[in-house]
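Letters go in sequence order (proteins before strands), and every chain restarts at 1. Hydrogens, waters and symmetry mates are skipped; everything else that's a heavy atom, side chains included, is used.
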Amino acid sequence: MGTFFGDTSVSTQPACTPATIHHYFSAESWIEGAALDQLDRMARLPGVRSIAAFPDLHPGKYGATGVALLSDRLHPLLVGNDIGCGMSLFELDLPLRKLKLDRAASRLRRFDALAVDDAAGRLDGVGLPGDLFADALGTIGGGNHFCELQAVESLSSPVSGIGRQGLYLLVHSGSRGFGAAVLSDSLSAEPDLMSGLDASSPAGLHWLGRHDQCVAWASLNRILIAEKAASALGADCRLVTDVPHNLVRRSEKGYVHHKGAAAVDPGTIAPLAGSRATLSYIVRATEKVAGSLGGISHGAGRKYDRATMHGRVGRTRSERDDLLRNAWGGIAICDDRALVIEEAPSAYKDAGRVVADLVAAGLVESLAAMRPLVTYKKAVDEEGRARRPDKPDHRQTGRRKHDRY
DNA sequence: ATGTCC
C-alpha cells in the first residue's frame with residue numbers, strides 16, 4: 001500500500017475546481033512546505049469543498065494533520081487509523097498541596113497495566129458490544145499518546161471545574177487496534193480508497209457505522225485510562241471535557257473530516273497539549289469556529305518527524321535522562337528509548353504560539369495554562385516487555401524489542 | 001497510529 005501523495009494518477013484527473021483552503025495561522029507559525037503541498041493535493045480530492053488548516057499543521061501519512069475538511073464524499077484515509085483519537089481533561093479530587101511528586105510518579109509507573117474493572121459492562125454502557133477489543137480498553141498505546149498529571153500554571157479567566165489548587169489529568173489516546181482494523185478493512189475492500197467513498201454506498205455506510213463505534217470506544221478508553229490513573233493515585237476523577245480530533249462530523253453541508261483538529265462547537269472547552277516539558281493550554285471555542293468548520297488545533301504539532309529526531313537528541317544515556325525531566329521538576333515515565341527521542345519536547349512546536357494564532361484568528365479565548373507534573377508514556381517490566389494486563393507473552397525469544405533503562 | 005512485518 002503506497003501512500004496516496006506519491007501517486008500521480010489522481011492529480012492528473014480532469015480538474016474540478018480545487019477546494020478553498022483557509023489558513024488559520026500567522027507568519028510566525030512555521031509550517032513545513034511538505035504539509036502545504038499535501039493541503040493542495042487534499043483540495044483536489046473528489047468531493048472536497050473546503051479546508052481549514054490550523055497552526056499545528058504538519059505532514060501526515062495520507063494528508064496533512066491539523067485540518068478540518070468539508071467533503072460530500074467520505075475519505076477514511078484522511079481520518080486515518082486512529083479513529084476517535086482525542087484529548088480529555090479530568091479533575092482529580094486531590095489538591096495540589098497534598099501531592100508528593102516522586103510518590104505520584106512511582107504509583108503512576110504501574111497504572112497502565114491495571115486491568116479495567118468490568119470492561120464488558122462499560123462497553124455495554126456506551127452501546128458497544130462487550131467483547132469489542134475489550135483487552136485493549138483502558139490502555140494508552142504508543143506514539144504521541146500519554147496520560148499527564150497537570151497543575152494550573154496560570155488562569156486567565158475563571159473556568160468551571162478548573163482552579164489553581166487542583167490537580168488534573170490530560171489523556172491523549174484513541175481507538176487502539178480497533179480503529180486500525182477499521183481502516184485496514186476499508187482498504188482491503190476498496191483499494192482505491194484515495195478516491196473516497198459515497199456515503200450512501202454499502203462501503204460508506206459500513207465505514208461510518210464502524211467509525212461511530214470507534215469514536216465511542218476511544219472516548220470510553222480515555223475515561224477508563226483516567227479512572228485507572230486516578231485510582232493509582234488514590235483519588236477519584238471527574239470529566240471536565242472530552243474533545244476528539246480524528247473523526248468525521250455530519251453537517252448540513254456535508255461531512256467534516258477532522259485530522260488532528262479538535263472538533264468543537266461555540267463554547268466548547270478544549271485542551272491544547274504542549275509537550276511533557278512545556279505548558280499545555282485550556283481554551284474556549286468562540287462563535288467563529290463555525291467558519292473554521294468547527295475545528296481548532298488540539299496541540300502544539302510536530303516540528304520534526306520521528307526519524308529526524310534520532311540523532312538530534314538523546315545520544316547518550318544522560319541526555320536521555322534529561323529528556324525525562326522538565327523545568328518545573330516534572331517527570332516523564334518512558335522506558336522505551338526510541339519513544340524518549342521521538343517524543344522529545346524539541347520535536348514539537350510551541351503550544352503558546354499555536355494558541356496565540358488561534359486567538360488572533362478569533363477562534364478561541366485562552367483560559368488557562370497547565371504545567372506537566374508527571375507524564376506517563378510507557379513502562380516496561382524487568383524483562384523488557386511492555387506492561388500489559390492478562391496477556392500471555394509470545395515474544396520471549398530473541399533480543400528485546402525495546403531498550404530498557 | 002497499529003496486541004505494528006517474522
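Within 4.0 Å of A:G177, counting heavy atoms only, lie sugar-phosphate atoms of the nucleic acid but no base atom. Counting non-hydrogen atoms under 4.0 angstrom, A:G174 reaches nothing in the nucleic acid. Using a 4.0 Å heavy-atom criterion, one finds that A:G141 contacts the sugar-phosphate atoms exclusively.
A:I140 has its CD1 atom 13 Å from the P atom of B:dA1, to the nearest Å. The CH2 atom of A:W217 sits 11 Å away from the C1' atom of B:dG3 (whole-angstrom rounding). Remark: P of B:dT2 and CG of A:L137 are 14 Å apart, rounded to the nearest angstrom. Between the CZ atom of A:R306 and the P atom of B:dT2 there is a distance of 10 Å, given to the nearest Å. One interatomic measurement links the two molecules: CG of A:N246 to P of B:dA1, which rounds to 9 Å at whole-angstrom precision. One atom, NZ of A:K378, and another, P of B:dG3, lie 11 Å apart when rounded to the nearest Å. Remark: C1' of B:dT4 and CG of A:L183 are 14 Å apart, rounded to the nearest angstrom. For the pair A:H298 NE2 and B:dA1 C1', the interatomic distance rounds to 12 Å; values are reported in whole Å.
A:S195 and A:D192 are linked by a side-chain donor-acceptor pair at a separation below 3.5 angstrom, with hydrogens and angles left out of the test. For the residue pair A:H145/A:D82, the side-chain donor-acceptor check at 3.5 Å is satisfied.
Pairs engaging residues 355-365 of chain A under the side-chain hydrogen bond (donor to acceptor under 3.5 Å, both in side chains) rule: A:S26-A:D357, A:S29-A:D357, A:R284-A:E365, A:R353-A:D357 [sequence neighbours left out].
Contacts of A:R371 classified as side chain to side chain contact (heavy atoms under 4.5 Å, CB included), with partners at least two apart in sequence or in another chain: A:L96, A:A151, A:E153, A:L279, A:W328, A:L373.
Side-chain N/O atoms of A:R176 include one lying less than 4.0 angstrom from OP1 or OP2 on B:dG3.
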